[in-house]
Amino acid sequence: MRFPAGTVPGCGLRGVLAATVLVLAGCSSSGPPGDLEPPDLFQWAHDRFDAEEYRSAAEGFLAFMVRDPLNPLVDSAQYLAAEGQLRAGNELDAVEEFRRMATNRPNSPLADDAQLGLCRAYLAASPRVTLSQEFTRRALEECERLLQFFPTTPHRERVENLMAEARAKLAEQSYEIGKYYQDRMRLPESAIVYFEKSLAEEPTEGFLPDLLLRLYRSYNFLGYETEAGAVRERLLSEFPDSEETRLLLAEEDPAAAEDSAKDVGSLR
């Protein structure tokens, strides 16, 4: 963990922090002792963080920032307060703390860490794919902003992995919506829209073969021969041994599929 020199927070930030600490102190009986000097308060909060008492740690770091806003450890305290909220499962509180640091302290040595924290917190807050993926989109946006403003960040590989995770989740949601239109609504045109969107969002291989087969069927049903042919070739070339490829070939030549099944049965 880095402990960079701090800069002086503005009066507005001090007011926000003071109000935050008062609220936290009022909601918790395990908050930081009120009689500790700032260096001891920082250590108290750090000890709580190391002990995985993350909510108490966050309260302590915020209190430290209010009591000694000129201290060179203020940047580290702000970051650890945000990280503590995230580890405590308070993802949206973590978003606010990471955003406050990224916005108000853009020249801090921890600014890219804070921006990464925003991406992590939004992704942690995103629900299962059947629900709104607004937080997933925001996670992707914050990761993209990190790479834009901090192109030499040492976090690049981790950021790219988080972006791939976010895109895969968005792709899965589009895939599920496409399935709904195809299976329940019998609307192949609408299914195609979402299946194509899912492909553009870089799905994982877990459901990609089924996605390709479903898209092929919709294209084929509507007579889009060129598009159907392209998707067919992708399925056959990328997933030649998949169940989806077997189903596609069986649909194209049922007799051959039946003979193949008989051959397999005779070998048992």
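As the structure is a prediction and not an experimental result, all values here were calculated from the model.
Residues Val231 and Leu213 fail the side-chain proximity criterion, which asks for heavy atoms closer than 4.5 Å. Phe49 is listed as a side-chain neighbour of Phe61, based on a closest heavy-atom distance under 4.5 Å. Counting heavy atoms from C-beta outward, Arg105 and Val74 have side chains that approach closer than 4.5 Å. Side-chain contact check for Asp113 versus Phe98: every heavy-atom pair is 4.5 Å or farther apart. With contacts defined as side-chain heavy-atom distances shorter than 4.5 Å, the pair Leu162/Leu116 qualifies. Side-chain atoms of Ser126 and Gln133, non-hydrogen and from C-beta on, do get closer than 4.5 Å to each other. The closest side-chain heavy-atom distance from Leu140 to Leu123 is not below 4.5 Å.
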Item to check | Worked check of side-chain contact (heavy atoms from CB on, under 4.5 Å) between Asp68 and Leu41 | outcome: CA-CA 10 Å; Asp68 194 0; Leu41 179 55; over 6 Å; no
Checklist entry - Is there a side-chain hydrogen bond (donor to acceptor under 3.5 Å, both in side chains) between Glu201 and Ser174 once you walk through the steps? => result CA-CA 9 Å; Glu201 290 165 333; Ser174 296; 3.0 Å; yes
Item to check | Verdict with supporting geometry, Glu96 and Arg99, salt bridge (charged side-chain N to carboxylate O under 4.0 Å, His left out) | outcome: CA-CA 5 Å; Glu96 292 306 313; Arg99 187 179 302 284; 5.1 Å; no
Next on the checklist: Quick one, Ser242 with Leu235, criterion side-chain contact (heavy atoms from CB on, under 4.5 Å). Give me CA distance, side-chain angles, the key distance, then yes/no.
Outcome noted: CA-CA 9 Å; Ser242 67; Leu235 176 58; 4.2 Å; yes
Item to check | Candidate pair Glu141 and Arg138, rule salt bridge (charged side-chain N to carboxylate O under 4.0 Å, His left out), full reasoning | outcome: CA-CA 5 Å; Glu141 291 170 1; Arg138 290 190 182 184; 5.8 Å; no
Next on the checklist: Would Asp75 and Met101 count as a side-chain contact (heavy atoms from CB on, under 4.5 Å) here? Give the steps.
Outcome noted: CA-CA 8 Å; Asp75 280 359; Met101 183 173 184; 4.1 Å; yes
Item to check | Derivation of the side-chain contact (heavy atoms from CB on, under 4.5 Å) call for Leu211 and Lys179 | outcome: CA-CA 9 Å; Leu211 169 60; Lys179 285 170 59 179; over 6 Å; no
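Between the CD atom of Glu202 and the CE atom of Met163 there is a distance of 8.5 Å, given to the nearest 0.5 Å. A distance of 13.5 Å separates CZ of Phe239 from CG of Leu248, quoted to the nearest 0.5 Å. In this structure, Glu144 CD and Gln115 CD are separated by 11.0 Å, a value rounded to the nearest 0.5 Å. Atom NZ of Lys169 sits about 12.5 Å away from atom OG1 of Thr204, to the nearest 0.5 Å. The structure places NE2 of His155 at 4.5 Å from CG of Asp112, a figure rounded to the nearest 0.5 Å. Put simply, CG on Leu236 and CZ on Arg234 are 12.5 Å apart, with the number rounded to the nearest 0.5 Å.
Between the side chains of Asp47 and Gln43, a donor-acceptor pair is found at a separation under 3.5 Å. Side-chain N/O atoms of Glu172 and Ser198 include no donor and acceptor closer than 3.5 Å.
For Arg120 and Glu83, the salt-bridge test passes: some basic side-chain N is under 4.0 Å from an acidic carboxylate O. Between Glu59 and Arg48, no side-chain nitrogen of the basic residue sits less than 4.0 Å from a carboxylate oxygen of the acidic one, so the salt-bridge criterion is not met.
Listed by chain and residue number, Gln182, Asp183, Asp210 satisfy the side chain to side chain donor-acceptor pair (under 3.5 Å) test with Arg214 (two or more places apart in sequence, or in another chain). Every side chain to side chain contact (heavy atoms under 4.5 Å, CB included) that Asp40 has, sequence neighbours left out, goes to Leu36, Glu37. Partners of Tyr180 by side chain to side chain contact (heavy atoms under 4.5 Å, CB included), not counting sequence neighbours, listed by chain and number: Arg184, Met185. Listed by chain and number, the residues in a ring pair (Phe, Tyr, Trp, His ring centres under 6.0 Å) with Tyr219 amount to none (sequence neighbours excluded).
Taking the six-membered ring for Trp and the full ring otherwise, Tyr194 and Tyr181 have centroids separated by under 6.0 Å.
Ring pair Phe64/Phe42 is perpendicular by interplanar angle, where above 60° counts as perpendicular and below 30° as parallel.
In summary, of the residues considered (Glu251, Glu227, Glu244), a salt bridge (Lys or Arg N to Asp or Glu O under 4.0 Å) with Arg217 occurs for Glu251 alone.
Residue Ile192 is not grouped with residue Leu187 when hydrophobic side chains (ILVMFWY) are merged at heavy-atom distances under 4.5 angstrom, including chains of intermediate members. Hydrophobic clustering, with ILVMFWY side chains joined whenever heavy atoms are under 4.5 angstrom apart, keeps Val129 apart from Phe207. Transitive grouping of hydrophobic side chains (ILVMFWY, heavy atoms separated by less than 4.5 Å) keeps Leu208 and Leu170 in distinct clusters. At a threshold of 4.5 Å between side-chain heavy atoms, the hydrophobic network of Ile, Leu, Val, Met, Phe, Trp and Tyr places Trp44 and Tyr54 in one connected group. Tyr79 and Phe149 fall into different hydrophobic clusters, where Ile, Leu, Val, Met, Phe, Trp and Tyr residues are linked whenever their side-chain heavy atoms come under 4.5 Å apart, directly or through other members.
Evaluation of the disulfide bond (SG atoms under 2.5 Å apart) test over residues 90-173, restricted to residues two or more places apart or in two chains, returns Cys119-Cys143. Each disulfide bond (SG atoms under 2.5 Å apart) pair with one or both residues in residues 226-255, not counting sequence neighbours, would appear here, but there are none.
Not one N or O on the side chain of Thr245 forms a donor-acceptor pair closer than 3.5 Å with the backbone of Asp241. For Asn104 (side chain) and Arg100 (main-chain N/O), a donor-acceptor pair under 3.5 Å exists by modelled atom type. Although no hydrogens or angles enter the test, the distance criterion places no donor-acceptor pair under 3.5 Å between the side chain of Glu91 and the main chain of Tyr122.
Within a 6.0 Å radius of CD in Glu205, other residues, nucleotides and ligands contribute 12 heavy atoms or fewer.
Ala121 and Ala94 get closest at one heavy-atom pair: CB-CB, 4.2 Å. Taking all atoms of both residues into account, the shortest heavy-atom contact from Ala58 to Ala81 is CB-O, 3.5 Å.
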